[in-house]
There are 2 protein chains.
Amino acid sequence: MTEAPALDRGARSRDAILDTAGDLMSRHGYAATSISMISSACGLPVSSIYWHFRSKDGIYVAVLERARTALLAALPPGEVPGADVAQRLDAFLAQVEDAFRRHPHGVKLLLGLGMVQQDASAAAVAEVRHYRDALVVWARDAVSSVFALRDRPEVADELARFTLRMASGTAVARWFEPDTVLETGPLRVALLALAAHHGIPLRGVPGEDAPSRGVTSRE
Amino acid sequence: MTEAPALDRGARSRDAILDTAGDLMSRHGYAATSISMISSACGLPVSSIYWHFRSKDGIYVAVLERARTALLAALPPGEVPGADVAQRLDAFLAQVEDAFRRHPHGVKLLLGLGMVQQDASAAAVAEVRHYRDALVVWARDAVSSVFALRDRPEVADELARFTLRMASGTAVARWFEPDTVLETGPLRVALLALAAHHGIPLRGVPGEDAPSRGVTSRE
DNA sequence: GTCTATAAACCGATAGAC
DNA sequence: GTCTATCGGTTTATAGAC
């Protein structure tokens with residue numbers, strides 16, 4: 001415990017730098033985060049940072065890549081479990097909300113750094129798009145599974161876009177009121193209505209196959 | 001025309017600086033936009049910029065204030081005209097989409113600069129919140145008028161938040177795919193479903209007072 | 001109000017001892 | 001791999017002539 005293997009020293013430092021850089025960049029944005037800020041915040045000298053990552057841009061790419069793999073690991077499915085639409089939808093919304101709550105950095109990194117696309121390097125732009133595309137694919141697969149949309153890809157696309165934009169908008173609202181959470185209740189109502197609007201059968205969803213006066217039974 | 005009154009020279013320069021600064025800051029973000037960039041882009045020397053606005057922060061505050069008044073001037077109502085919910089909703093969505101399309105700067109300024117809240121001055125933070133609050137108040141008044149929610153303020157609040165978050169999320173999507181537009185179709189379906197979910201009467205909306213099989217008649 | 005010139009601090013990045 | 005020291009460039013901001 002006191003005699004940590006020397007081989008791990010570098011990896012641990014690397015992680016510490018990434019932790020600090022990710023935190024600072026998600027709070028201040030890429031441009032406003034300087035190497036010296038990262039250095040003094042994590043304790044390691046400037047040149048160590050440049051040894052691990054070749055440039056400031058390299059730090060950004062590594063931070064984003066790490067955030068992406070962490071987020072995707074926290075979004076296990078693709079196939080959402082559940083017997084009917086209502087169960088799968090609830091499971092899906094719970095997953096989205098949980099990932100959103102436990103990984104606040106990821107989205108803010110995408111936002112604060114994705115903005116800089118114009119100035120950023122090719123590698124950085126590629127990593128930003130990679131991150132974003134992974135989210136889009138995941139969301140499309142998940143809603144496709146929830147609403148059984150294998151033969152209606154354009155509907156799956158619309159529902160996925162809708163969900164992701166609501167999540168992004170909530171992330172924006174979050175830095176005005178930090179305790180803002182993703183409101184899954186209204187989102188649930190909206191997704192059900194959109195699916196119904198496109199003629200998707202909603203077996204097992206209360207208030208949809210039983211024409212009970214237009215109220216969907218929540219709250 | 002050639003003999004412009006000397007008194008206006010300063011004001012015209014001031015506007016030119018604000019135009020350039022707003023454009024650059026909305027594209028690169030506050031931190032990544034330097035005074036010398038603004039100077040060389042608008043032709044006026046650095047010291048003129050500092051004469052008009054006392055600091056870089058002062059430029060930011062002035063840019064935001066101008067964007068706010070311009071946006072609010074382009075959002076005329078408060079009271080949305082229309083005989084029934086459907087007409088008023090369409091008018092409201094048209095207004096939102098139009099403002100969103102014609103004032104892309106405003107939102108991006110809020111996003112790119114609102115992020116920097118932690119480092120920014122008190123005046124800057126105040127102006128960001130002022131801008132954001134004005135949008136919230138407008139949206140709440142508008143949806144309240146659309147759905148006749150004078151005695152259901154909590155519902156008006158939810159619908160306004162929902163709309164603004166969708167608009168923010170679309171603004172985010174926009175800098176990944178610049179030709180992204182606000183999808184008012186799905187938003188319309190979602191808002192109607194949310195209103196119905198809260199028991200708001202929707203006189204005159206096709207597919208809601210006539211139980212016609214759950215499809216809302218669009219597309 | 002506009003210009004040139006410059007101060008003082010900070011930036012990203014590197015050299016080289018250990 | 002980590003450290004000190006530093007280079008060259010850019011930043012915000014100011015001084016002072018016009």
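Order of the sequence lines sets the chain letters (A, B, ...), proteins ahead of strands, with each chain counted from 1. This structure is a prediction, so every number in the text was calculated from the model and none was measured. Side-chain atoms are counted along with the backbone in the values below, which use heavy atoms only and exclude waters and symmetry mates.
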Say whether, by atom type as modelled, one donor and one acceptor occur between the side chain of A:Ser144 and the main chain of A:Ala156 under 3.5 angstrom.
no
Nucleotide C:dT4, atom P - distance to CG of B:Leu44 in whole Å
11 Å
Answer yes or no: is there an ion pair linking A:Glu79 with A:Arg88, defined by an N-O contact shorter than 4.0 Å?
no
Nearest to the side chain of A:Val46, heavy atoms from C-beta on, is which of C:dA13, C:dC3, D:dT12?
C:dA13
Nearest-Å distance, CE (A:Met37) to C1' (C:dC10)?
13 Å
Grab the CD1-P distance between A:Ile49 and C:dT14 for me, whole Å please.
14 Å
Base, sugar-phosphate, or nothing: which does A:Ser39 touch, judged by heavy atoms less than 4.0 Å apart?
nothing
Separation of C:dG1 C1' from B:Ile17 CD1 (nearest whole Å)
10 Å
Rounded off to whole Å, could you give me the CH2-to-P distance for the A:Trp51 and D:dG1 pair?
4 Å
Does B:Ser55 have a side-chain nitrogen or oxygen under 4.0 Å from the phosphate oxygens OP1 or OP2 of D:dT12?
no
With side-chain contact (heavy atoms from CB on, under 4.5 Å) as the test, would you mind laying out the steps for A:Leu192 and A:Phe147 before giving the verdict?
CA-CA 9 Å; A:Leu192 284 173; A:Phe147 291 100; 4.1 Å; yes
Can the ring centroids of A:Trp138 and A:Phe92 be said to lie less than 6.0 angstrom from one another?
yes
Output yes when at least one side-chain N/O atom of A:Tyr50 is less than 4.0 Å from OP1 or OP2 of C:dA13, else no.
yes
Atom pair distance, as rounded to whole Å: OH in B:Tyr30 and P in D:dT11
14 Å
Between P on C:dC11 and CG on A:Leu24, what's the gap in Å once rounded to a whole number?
12 Å
OP1 or OP2 of D:dG1 versus the side-chain N and O atoms of A:Ser48: is any pair under 4.0 Å?
no
Heavy atoms, side chains only, cut-off 4.5 Å: are A:Arg165 and B:Thr180 in contact?
yes
To the nearest Å, give me how far apart CD1 (B:Ile38) and P (D:dT12) are.
8 Å
At less than 3.5 Å, do the side-chain atoms of B:Ser47 and the base atoms of D:dT14 form a donor-acceptor pair?
no
Checking C:dC3, D:dC3, D:dT12 against the side chain of B:Ile35 (C-beta onward), the nearest is D:dT12
